[in-house]
Amino acid sequence: MKFDGLKGSVVAMVTPFREDGSVHFDNLTAQLERQIAEGTDGILVLGTTGEYPTMTHEEDASVVAHTIKVVNGRVPVIVGSGSNCTATQKEMSLRYQDMGADALLLITPYYNKANPEGMYRHFVEAADAVEIPCILYNVPGRTGCSIPVSVVEQLSRHPRIAGIKEASGDMGYAMKIAHCIGPDFALWSGNDDITIPLLSIGGSGVISVFANVCPRVCHEIVADWLEGRREQALQKHLKYLGLMNDLFMEVNPIPVKSALAMMGLDTGTLRLPLCGMSEEHRIDLWTTLRDEGLV
């Protein structure tokens, strides 16, 4: 399945775990099948929502292999190959390409950070090494650093850098990089709550946490907007905005895993340092799910 030109809702998949902490592959299969049946346009594994920082490289590879096998070309599979070690990011990018990934998600060098030239080289090392599309991931709330606008402009001209997942929540920043959008460089919302604003400046869709809970709705919001039913898209987005926000009332993916469990779609435990929601937040989340008819 080719990634080129993909538009719509890409779900940032949770990773189901068993009570002993091991990956629950049967539940992963069920979640993938549900996503495809509900119209999700693409699958992302090993993103923030998938708790990849707590997983071994062997577990990462097993999740990727399983996902690619189950999806079987029905929708594109994007794999998070990012690291704050440039050499590791390059190594993982090559590995997942060879396993059959359709595209890669590359992250900024968190913790050690970088100056603009180092940031540029960090992404280019991986993009030069592979033959499949790469998506930049800008999420300064997680990494402590943002990709400078000038670096996005440079990277947007790279033949294998196909776009950016913009998750800063800063519309001013998004506006500054919007002129980079074109046939070979796409803008993806990395924040569910501003999907419509990002689409309004030329975005191609959303890489979504919310889609784990409401895959059909998330697909429809983007499809309605892109197909000209913009008032319909806006009203759906506003209707579910409270739930989108509730999925971030604690550190992602704590709320989304809790929501899925409340809906009878149990994805198991969390790995430390993540742990269960506070009782107050659990009640708030359950109330929102109830009000939307999801529990």
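Given the structure is predicted, the values throughout are model-derived calculations rather than measurements. All values below were derived from every heavy atom in this structure, side-chain atoms included, with hydrogens, water molecules and symmetry-related copies excluded.
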Engineer: Does either side chain, that of T40 or that of S9, offer a donor lying less than 3.5 Å from an acceptor on the other one?
Structural biologist: no
Engineer: Where do M119 and C145 come nearest, in terms of heavy atoms and distance?
Structural biologist: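 Minimum heavy-atom contact is CE-SG, 4.2 Å.
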Engineer: Could you tell me which non-hydrogen atom of M55 sits nearest to which non-hydrogen atom of G50, and how far apart they are?
Structural biologist: SD-O, 3.6 Å
Engineer: For the NZ atom on K69, are there more than 12 heavy atoms of other groups (residues, nucleotides or ligands in this structure) within a distance under 6.0 Å?
Structural biologist: no
Engineer: Yes or no on side-chain contact (heavy atoms from CB on, under 4.5 Å) for T288 and L294, after CA distance, side-chain angles and deciding distance?
Structural biologist: CA-CA 9 Å; T288 300; L294 295 170; over 6 Å; no
Engineer: If two hydrophobic side chains count as joined below 4.5 Å and joins carry through other members, does F3 share a cluster with Y137?
Structural biologist: yes
Engineer: Has R271 got a side-chain atom pairing as donor or acceptor with G21's backbone, closer than 3.5 angstrom?
Structural biologist: yes
Engineer: What pairs of residues pass the side-chain hydrogen bond (donor to acceptor under 3.5 Å, both in side chains) test when at least one of them lies in residues 203-216, not counting sequence neighbours?
Structural biologist: D192-S208
Engineer: Would you list the pairs meeting ring pair (Phe, Tyr, Trp, His ring centres under 6.0 Å) in which at least one residue belongs to residues 56-94, sequence neighbours left out?
Structural biologist: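 Matches after skipping sequence neighbours: F25-H66.
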Engineer: Check S81 against L104 and note the closest heavy-atom contact, atom names and distance.
Structural biologist: OG-CB, 3.8 Å
Engineer: Within this structure, what is the NZ-CD distance for the pair K239 and E292, rounded to the nearest 0.5 Å?
Structural biologist: 4.0 Å
Engineer: Locate the shortest heavy-atom distance separating V251 from P255; write the atom from each residue and the value.
Structural biologist: O-CD, 3.3 Å
Engineer: Consider only side-chain N and O atoms of T269 and E19, and report whether a donor and an acceptor are under 3.5 Å apart.
Structural biologist: no
Engineer: Sort out for me which residue in T49, V63, I78, L32 forms a side-chain contact (heavy atoms from CB on, under 4.5 Å) with M13.
Structural biologist: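 Option passing the side-chain contact (heavy atoms from CB on, under 4.5 Å) with M13: L32.
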Engineer: If we ignore hydrogens and angles and just use 3.5 Å, is the side chain of N191 paired with the main-chain N or O of D193 as donor and acceptor?
Structural biologist: no
Engineer: So, taking the atom named CG in N252 and the one named CZ in R142, what distance separates them when rounded to the nearest 0.5 Å?
Structural biologist: 5.5 Å
Engineer: Does the pair D98 and R95 meet the rule for a side-chain contact (heavy atoms from CB on, under 4.5 Å), with working shown?
Structural biologist: CA-CA 5 Å; D98 293 345; R95 183 177 191 180; 6.0 Å; no
Engineer: Spell out, as yes or no, whether a donor-acceptor pair under 3.5 Å connects the side chain of E166 to the backbone of G190.
Structural biologist: no
Engineer: Any chain of hydrophobic side-chain contacts (each under 4.5 Å) joining M92 to I132?
Structural biologist: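 M92 and I132: one cluster.
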Engineer: Calculate, to the nearest 0.5 Å, the distance between atoms CE and CG belonging to M244 and D246 respectively.
Structural biologist: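 The CG atom of D246 is 11.5 Å from CE of M244, to the nearest 0.5 Å.
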Engineer: Can you list the residues that meet the side-chain contact (heavy atoms from CB on, under 4.5 Å) rule with D224, with sequence neighbours excluded?
Structural biologist: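 Counting only residues at least two positions away or on another chain, D224 forms a side-chain contact (heavy atoms from CB on, under 4.5 Å) with E220, R229, Q232, A233, K236.
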Engineer: Which heavy atom of D102 sits nearest a heavy atom of V75, and at what distance?
Structural biologist: OD2-O, 4.2 Å
Engineer: Can you list the steps and then say if M277 with M249 is a side-chain contact (heavy atoms from CB on, under 4.5 Å)?
Structural biologist: CA-CA 9 Å; M277 294 182 75; M249 63 171 58; 3.6 Å; yes
Engineer: For a 4.5 angstrom cut-off between non-hydrogen side-chain atoms, does T15 reach E59?
Structural biologist: no
Engineer: Judged by atom type as modelled, is there a donor-acceptor pair below 3.5 Å linking the side chain of R18 to the main-chain atoms of H24?
Structural biologist: no
Engineer: I'd like to know if L241 and I194 are part of one continuous hydrophobic network [Ile/Leu/Val/Met/Phe/Trp/Tyr, side-chain heavy atoms within less than 4.5 Å].
Structural biologist: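 No; L241 is not reachable from I194 via cluster members.
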Engineer: Could you tell me whether the side chain of Q35 and the main chain of A211 form a donor-acceptor pair under 3.5 Å?
Structural biologist: yes
Engineer: Could you grab the distance from atom CH2 of W188 to atom CD1 of I207, nearest 0.5 Å is fine?
Structural biologist: 6.0 Å
Engineer: Could you tabulate the donor-acceptor pairs under 3.5 Å formed by side-chain atoms of residues 173-184, not counting sequence neighbours?
Structural biologist:
residue: Y173; atom: OH; partner: I147; partner atom: O; Å: 2.6
residue: H179; atom: ND1; partner: K176; partner atom: O; Å: 2.9
residue: H179; atom: NE2; partner: E153; partner atom: OE2; Å: 3.1

Engineer: Let me confirm one number: the OG1-NZ distance from T267 to K257, rounded to the nearest 0.5 Å.
Structural biologist: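 Taking OG1 in T267 and NZ in K257, the distance rounds to 5.0 Å.
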Engineer: When clusters are formed by joining ILVMFWY residues with side-chain heavy atoms under 4.5 Å apart, either directly or through shared neighbours, do L46 and I68 land in the same one?
Structural biologist: yes
Engineer: Could you walk me through whether Q31 and T29 pass side-chain hydrogen bond (donor to acceptor under 3.5 Å, both in side chains), step by step?
Structural biologist: CA-CA 5 Å; Q31 293 297 324; T29 297; over 6 Å; no
Engineer: Is there any ring pair (Phe, Tyr, Trp, His ring centres under 6.0 Å) pair reaching into residues 86-122, and which pairs are they, with sequence neighbours excluded?
Structural biologist: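 Residue pairs with at least one partner in residues 86-122: there are none.
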Engineer: Please test V213 against V256 for side-chain contact (heavy atoms from CB on, under 4.5 Å), starting from the C-alpha separation and ending with a verdict.
Structural biologist: CA-CA 7 Å; V213 177; V256 70; 3.8 Å; yes
Engineer: After noting the C-alpha distance and the side-chain angles of E33 and R74, does the key distance pass the salt bridge (charged side-chain N to carboxylate O under 4.0 Å, His left out) rule?
Structural biologist: CA-CA 10 Å; E33 292 294 353; R74 289 177 286 175; 3.0 Å; yes
Engineer: Rounded at 0.5 Å granularity, tell me how far OG in S200 sits from CZ in R230.
Structural biologist: 8.5 Å
Engineer: Looking at V206, is its backbone amide N or carbonyl O close enough to the side chain of S189 to form a donor-acceptor pair, meaning the two atoms are under 3.5 Å apart?
Structural biologist: no
Engineer: Sorted by first residue and then second, give each ring pair (Phe, Tyr, Trp, His ring centres under 6.0 Å) pair with at least one member in residues 205-253; sequence neighbours left out.
Structural biologist: F210-Y240
Engineer: Is the count of non-hydrogen atoms from other residues, nucleotides or ligands lying under 6.0 Å from E117 atom CD greater than 12?
Structural biologist: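 Atom CD in E117 is crowded, with more than 12 foreign heavy atoms closer than 6.0 Å.
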Engineer: Judged by modelled atom types alone, do S156 and Q154 share a side-chain donor-acceptor pair under 3.5 Å?
Structural biologist: no
Engineer: Please answer: with hydrophobic residues joined when any side-chain heavy atoms are less than 4.5 Å apart, are M263 and L28 in the same cluster?
Structural biologist: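 Not linked; separate clusters.
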Engineer: Would you check, one step at a time, whether the test side-chain hydrogen bond (donor to acceptor under 3.5 Å, both in side chains) holds for Q89 with S83?
Structural biologist: CA-CA 5 Å; Q89 180 163 266; S83 173; over 6 Å; no
Engineer: State whether the side chain of T88 and the backbone N or O of N84 hold a donor-acceptor pair below 3.5 Å, judged by distance alone.
Structural biologist: no
